[in-house]
2 protein chains.
Amino acid sequence: MTTHTLFHTIHQLSRELTKQVNDTLQPFGLYSAQWAVLFVLKTKGSMSQSALCEYLAVEAPPMTRTVQRLAKQGYVGQTPGEDKRVKVIHLTEKAQQAYPEWEQAVLSMNDRLLECVPEEQRVFMQSMLNEWLGKMKGDLHE
Amino acid sequence: MTTHTLFHTIHQLSRELTKQVNDTLQPFGLYSAQWAVLFVLKTKGSMSQSALCEYLAVEAPPMTRTVQRLAKQGYVGQTPGEDKRVKVIHLTEKAQQAYPEWEQAVLSMNDRLLECVPEEQRVFMQSMLNEWLGKMKGDLHE
DNA sequence: TCCAATTAGTTTCCTAGGTAACTATTGTAG
DNA sequence: CTACAATAGTTACCTAGGAAACTAATTGGA
């Protein structure tokens, strides 16, 4: 087996999944990158922008853009922290209220996309891919 | 297990892999999208631009850009086909000559990235991910 | 204490990919 | 034969992400 195939498959899967998320959230005027931020803020609570970056493994510049767009749409607020450099991002009331609808759309999409993959395989894939990713990123710190 | 985690892991893996390819090919002035095209042309032979799109599962506009940049660098040529709409893309002598060096760099990168993943798991991942992708894309045609 | 190094965030510019609208050519039905 | 549909590629504009250079604030060391 050529390794090219594996890399290509992963790349293609990634593109297809974000496309699906975008299609699902389009009726709400949201994009996949925005959803990722909203999801983290909802499940983990308010946090600084850099914490969001670390959690989502994304560099600072794209996060600035995503947060600013969410702020413009009125879904997040940026309150200055005790350290005057940091901006603590939190969901607004508007976002809290709309969230269940968004979540329901995403969850049903997930079910649809994964209904053909047995639970057992899902867990297996997740653990293998995650372990691989961890080793790849870990090796870079040496 | 939440499905978000699986999606996020795949997305992150995809980004990390293309980043690695970019770093590997930077000394040669090439980017991952260009490499994908060069690799296909080398292994499958000359083909039309739309055939490249289908093979790499990419839309036409990005392919136009990638091919044009490769042409500007002198690595591919575009000869009009019998059908005057199509452009048949082929590797130039310059690319044929440089290819082994590129390939060697990419192959050693692959080895480095996959050395911590046993062959058995590699095959397993590939087959599961590919099957999933196929079902996802197949379901869309109904 | 005060200056240097670090950190949070932003700006600018790059690659990668997608959608919509367009041109030019080829096929096809009437 | 002609008009209309389909196809190959391009152009313009969008999201997503990364690297480098920058500003402002904080921390640490001489």
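Just the heavy atoms: all of them, side chains too, but no hydrogens, waters or symmetry mates, feed the values below. Just so we're on the same page: letters track the sequence lines, and every chain starts at 1.
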- Message: With ring pair (Phe, Tyr, Trp, His ring centres under 6.0 Å) as the rule and sequence neighbours excluded, what pairs involving residues 66-101 of chain B come up?
- Response: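 Applying ring pair (Phe, Tyr, Trp, His ring centres under 6.0 Å) to every pair that reaches into residues 66-101 of chain B, excluding sequence neighbours, yields B/W35-B/Y99, B/Y75-B/W102.
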Could you state the atom-to-atom distance from [atom1] of [X] to [atom2] of [N] in whole Å?
X	N	atom1	atom2	answer
B/N22	D/dA16	CG	P	20 Å
B/D23	D/dG18	CG	P	12 Å
B/E16	D/dG17	CD	P	14 Å

- Message: B/E59: which residues meet the side-chain contact (heavy atoms from CB on, under 4.5 Å) condition with it, sequence neighbours left out?
- Response: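 Listed in chain order: B/P61, B/P62.
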- Item | Non-neighbouring partners of A/N130 that pass side-chain contact (heavy atoms from CB on, under 4.5 Å), sequence neighbours left out |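 Partners of A/N130 by the side-chain contact (heavy atoms from CB on, under 4.5 Å) criterion, ordered by chain and then number, come out as A/Q126, B/T9.
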- Message: I'd like to know if B/V106 and B/F28 are part of one continuous hydrophobic network [Ile/Leu/Val/Met/Phe/Trp/Tyr, side-chain heavy atoms within less than 4.5 Å].
- Response: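 Looking at the clustering, B/V106 is in the same group as B/F28.
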- Query: Any link between A/M109 and A/L114 through a network of hydrophobic side chains (Ile, Leu, Val, Met, Phe, Trp, Tyr) touching at under 4.5 Å?
  - Reply: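 A/M109 and A/L114: one cluster.
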- Query: Does anything in residues 56-72 of chain B reach DNA chain D, meaning a heavy atom under 4.0 Å, and if so which residues?
  - Reply: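 Residues of residues 56-72 of chain B under 4.0 Å from DNA chain D: B/A60, B/P61, B/T64, B/R65, B/Q68.
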Within the sub-3.5 Å range, which N or O atoms of nucleotides 26-28 of chain D have a protein N or O partner, and how far apart are they?
{"residue": "D/dT26", "atom": "OP1", "partner": "A/K84", "partner atom": "N", "Å": "2.8"}

- Going by heavy atoms in the side chains, are A/V117 and B/E131 under 4.5 Å from each other?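 They are not in side-chain contact.
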- Query: Is there a side-chain contact between B/V21 and B/L17, using heavy atoms and a 4.5 Å cut-off?
  - Reply: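 Side-chain contact under 4.5 Å: no.
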- Query: Earliest and latest nucleotide of DNA chain C, 5' to 3', sitting under 4.0 Å from a non-hydrogen atom of chain B?
  - Reply: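 In short, chain B contacts DNA chain C from C/dT15 to C/dT26.
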- Item | All side chain to side chain donor-acceptor pair (under 3.5 Å) counterparts of B/Q26, not counting sequence neighbours |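 For B/Q26 there are no side chain to side chain donor-acceptor pair (under 3.5 Å) partners, ignoring immediate neighbours.
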- Task: State which residues pass salt bridge (charged side-chain N to carboxylate O under 4.0 Å, His left out) with B/R65; sequence neighbours excluded, sorted by chain then number.
- Result: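 Applying salt bridge (charged side-chain N to carboxylate O under 4.0 Å, His left out) to B/R65 gives none.
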- Item | Partners passing salt bridge (charged side-chain N to carboxylate O under 4.0 Å, His left out) against A/D23 (at least two apart in sequence or in another chain) |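 Expected list: none.
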- Please list all pairs passing the salt bridge (charged side-chain N to carboxylate O under 4.0 Å, His left out) test where one or both residues lie in residues 75-89 of chain B, with sequence neighbours left out.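 Qualifying pairs, neighbours excluded: B/D83-B/R85.
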- Query: Please, which pairs that meet salt bridge (charged side-chain N to carboxylate O under 4.0 Å, His left out) have at least one residue in residues 36-50 of chain A, sequence neighbours excluded?
  - Reply: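 Residue pairs passing salt bridge (charged side-chain N to carboxylate O under 4.0 Å, His left out), neighbours aside: none found.
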- Item | Close approaches to DNA chain C from residues 28-55 of chain B, in residue order (heavy atom, under 4.0 Å) |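 Residues of residues 28-55 of chain B that come under 4.0 Å of DNA chain C are, in numerical order, B/Y31, B/S32, B/A33.
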- Starting at the 5' end of DNA chain C and moving along, which residue's nearest nucleotide shows up first, A/V88 or A/R15?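 Residue closer to the 5' terminus by nearest nucleotide: A/V88.
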- Would you check if the side chain of A/N22 reaches a backbone N or O of A/S32 as a donor-acceptor pair within less than 3.5 Å?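 Yes, because the side chain of A/N22 sits within donor-acceptor range (under 3.5 Å) of the backbone of A/S32.
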